[in-house]
Amino acid sequence: MCGIVGYIGSKNAVPVLIEGLDKLEYRGYDSAGIAALSGDEVVVHKYKGRLRYLADRIKPLQLSANVGIGHTRWATHGEPSDVNAHPHTSESGEIAIIHNGIVENYAQIKEWLINEHGVAFKSDTDTEVIAHLIEYYYEGDLLDAVYKAIDRMEGAYAVGVISKHHPDQLIAVRKDSPLIVGLGQGENFIASDIPALLKHTRDMLLIENDEVVVLTPQGVTIYDALRQVVERDVLKVTWDVAAAEKEGYAHFTIKEIHEQPKGLHDTLYRRINANGGFNFEQINIGADDLRQINRIYIVACGTAYHAGLIGKRAIETFAGIPVTVDIASEFRYSDPFIDHQTLFIAVSQSGETLDTLQSLRYAKQMGARILSVVNVVGSSVARDSDDIFYTWAGPEIGVASTKAFTTQLMAFYMLALHMGMLNGRMTEEGFAEWLEKLKGIETLAEQTLALEHAMQRIASEQFNNDSVFFIGRGADVDVSYEASLKLKELSYINSFAIAAGELKHGTIALMEKDTLVIALATQTHLYEKTVSNIREVKARGAYVVAVAQAGNESIKEIADEVIYIPQCDDLLAPVLSVMPMQMFAYYVALDRGNDVDKPRNLAKSVTVE
Ligand code: F6R
């Protein structure tokens, strides 16, 4: 997500900021900017696009400043643009701030500042309110103004503040977003992450929630929420930059697998309103609109397509509207039945996949209403949509999609419940019950991650296989497709996924002694049928690893090995069952010596047909 850096000292702040931001590039971003106190002016330079672009623009200006703040933004509120990029300034331009996180009540604060105080806003961001609030409260004491401003703010934030009137101060605040202070000789730093500062210092202070820090060139003072000074031990950093960028994980892929509980949490919780319903800010489909819709297409590629398959099950279950799921590269050429009563749902992590984008444009031209489930804010898919559901997976850097998938599933469960409420298929009680189940997934996902050691062991026993089969029924087929794709792209093993009941219509001819079959058997209502299919492959000598819900003892008698996911509703099981499959693919790839974060022949964003 966003990266922040700040500097105060005797050196020129500008190169320090740019180099620091450069070290945070791995977090993913879409715009970059700096603010520095040059002469007695707060100078701001910020641009959409790469950090290099910003650096090239400011180089000829030969800016010189002893205090400054820098930011790389990963858009949440408002599309990526020069105006929405950080730093943001107060109306007078005398205060500049950078921010990581979200000001959840920004809309109320913004309304109050505009209506009661006539403040003019420049951007669409939640962040800008912070700069205006600080200026509103400023009466000569910057620290006091910052305290008063944060008192009004709800949400998560790490903020850096500079002011024209306080050239000897850099103030920073932390609540639920990472913030560290770097200690130097006659200079001090702030950053969202240690790598940004390692070139300058290895002495760090870890800032805790609700603390406010005042940095001067000579020293750093930490205050708690009651404005009392807090002592903090200095942390000596001994590890190298590369490891830190992955936050201790060996690869982005495994880091992103571990980030899934958080992604699920963020995608859900940021949309639950005070009345226990959903607040879909960028979706305007009301009951009347939904009444007009008699058909839904979900169109996507790869992993996003697999999420769509499960989305279909959720929408048909909760809202009773027929859904067709199609692969984007096929959709446009299959004469789909589209008219103004069609809802077209595009699913995409990057929002730039050309086939998905072209399908969306085609459907739009034919009169469909376009809803997108997309991770990257302001991406082409999002921009061309009538309604947008942003998943909150955060930047996905590993080429294989992992956390984007599970947040897409969460998006579909939420959308389906919403549609069910709108068309009256879902009762208030039913909604409340399902909402509780959705809230519980995050914890179950945490528990599922504990399967990592088991998956690592199974991978070490199986990585030499030439082929792997994934089988399942119902939603387990959909997860089988995804598990097979993950294994293929990371390990380069020839893997194959099939509906378990289809095996005997041909594929069973491939079963022989020790053929590895991974049988997903999490769907309790189809369990007995799946067991029959497992028996069929076992009878031909296959080695079966089953994935089942905890508490299912009988499966141990049939399968050679059982992986247990926590107990959950059948419809939600894919969120959990896919996680051991992701970990299996990851460890098999490692055992085979592959480049897991960048598998051969693949690109993160496929912008060709
Ligand atoms: C698989 C994978 C791809 C993408 C597909 C769509 O791990 O990453 O199959 O899911 O290329 O990409 P987006 O979601 O960006 O449209």
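Residue pairs meeting the side-chain hydrogen bond (donor to acceptor under 3.5 Å, both in side chains) criterion with at least one member in residues 500-514, sequence neighbours excluded, do not occur.
For Lys486 and Thr303, the side-chain atoms include at least one donor-acceptor pair closer than 3.5 Å. In this model, no donor atom of one side chain and acceptor atom of the other lie less than 3.5 Å apart for Ser467 and Asn494. At a cut-off of 3.5 Å, with distance as the only test, a side-chain donor of Glu352 or Ser380 sits close to an acceptor on the other residue. Under 3.5 Å, the side chains of Asp591 and Ser460 contain no donor-acceptor pair of N or O atoms. Between the side chains of Asn464 and Arg592, not a single donor N or O lies within less than 3.5 Å of an accepting N or O. Using modelled atom types, one finds a donor on one side chain and an acceptor on the other under 3.5 Å when comparing Tyr586 with His251. One side chain, Ser401 or Glu396, offers a donor N or O that lies under 3.5 Å from an acceptor on the other. For the residue pair Ser359 / Tyr297, no side-chain donor-acceptor distance below 3.5 Å is found, with atom types taken as modelled. For the 3.5 Å distance criterion, the side chains of Asn552 and Ser554 qualify, holding a donor opposite an acceptor. In summary, the side chains of Gln462 and Asn465 do present a donor paired with an acceptor at a separation below 3.5 Å, with no hydrogens or angles considered.
Looking only at distances, no side-chain donor or acceptor of Arg332 sits under 3.5 Å from a matching main-chain atom of Ala328. A side-chain donor-acceptor contact under 3.5 Å links Arg295 to the backbone of Phe337. Using a distance-only test at 3.5 Å, with no hydrogens or angles considered, no donor-acceptor pair links the side chain of Ser484 to the main chain of Tyr481. Side-chain atoms of Asp597 come within 3.5 Å of backbone N or O of Thr253 as a donor-acceptor pair. The closest donor-acceptor contact from the side chain of Ser379 to the backbone of Asn375 lies at 3.5 Å or more, if one exists at all. In this structure, Glu442 contributes its side chain and Lys262 its backbone to no donor-acceptor pair below 3.5 Å.
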Under the ring pair (Phe, Tyr, Trp, His ring centres under 6.0 Å) criterion, do Phe318 and His418 qualify, and how do the steps go? CA-CA 9 Å; Phe318 294 149; His418 180 65; over 10 Å; no
Asn594/Arg600 under side-chain hydrogen bond (donor to acceptor under 3.5 Å, both in side chains): CA gap, chis, key distance, verdict: CA-CA 9 Å; Asn594 296 353; Arg600 70 184 182 201; over 6 Å; no
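A salt bridge links Glu19 with Lys199: the distance from a Lys NZ or Arg NE/NH1/NH2 to an Asp or Glu carboxylate oxygen falls below 4.0 Å.
Residues passing the side chain to side chain contact (heavy atoms under 4.5 Å, CB included) test with Lys439, sequence neighbours excluded: Leu268, Tyr269, Ile272, Leu435, Glu436.
Crowding of Lys598 atom NZ: a count of heavy atoms from other residues, nucleotides or ligands under 6.0 Å not exceeding 12.
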Indicate every side-chain donor-acceptor pair of residues 306-317 with a distance under 3.5 Å to a residue at least two apart or in another chain.
| from | atom 1 | to | atom 2 | distance (Å) |
| --- | --- | --- | --- | --- |
| His306 | ND1 | Glu482 | OE1 | 2.8 |
| Lys312 | NZ | Glu316 | OE2 | 3.1 |
| Lys312 | NZ | Val323 | O | 2.7 |
| Arg313 | NE | Asp478 | OD2 | 2.7 |
| Arg313 | NH2 | Gly474 | O | 3.1 |
| Arg313 | NH2 | Asp478 | OD1 | 3.4 |
| Arg313 | NH2 | Asp478 | OD2 | 3.4 |
| Glu316 | OE2 | Val323 | N | 2.8 |
| Thr317 | OG1 | Arg313 | O | 2.5 |

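Between Phe389 and Phe280, the gap from one ring centroid to the other is short of 6.0 Å. In this structure, Phe331 has its ring center at least 6.0 angstrom away from the ring center of Tyr305.
With Ile441 as the fixed residue, the side-chain contact (heavy atoms from CB on, under 4.5 Å) test singles out one of Thr448, Thr406, Leu572, Leu409: Leu572.
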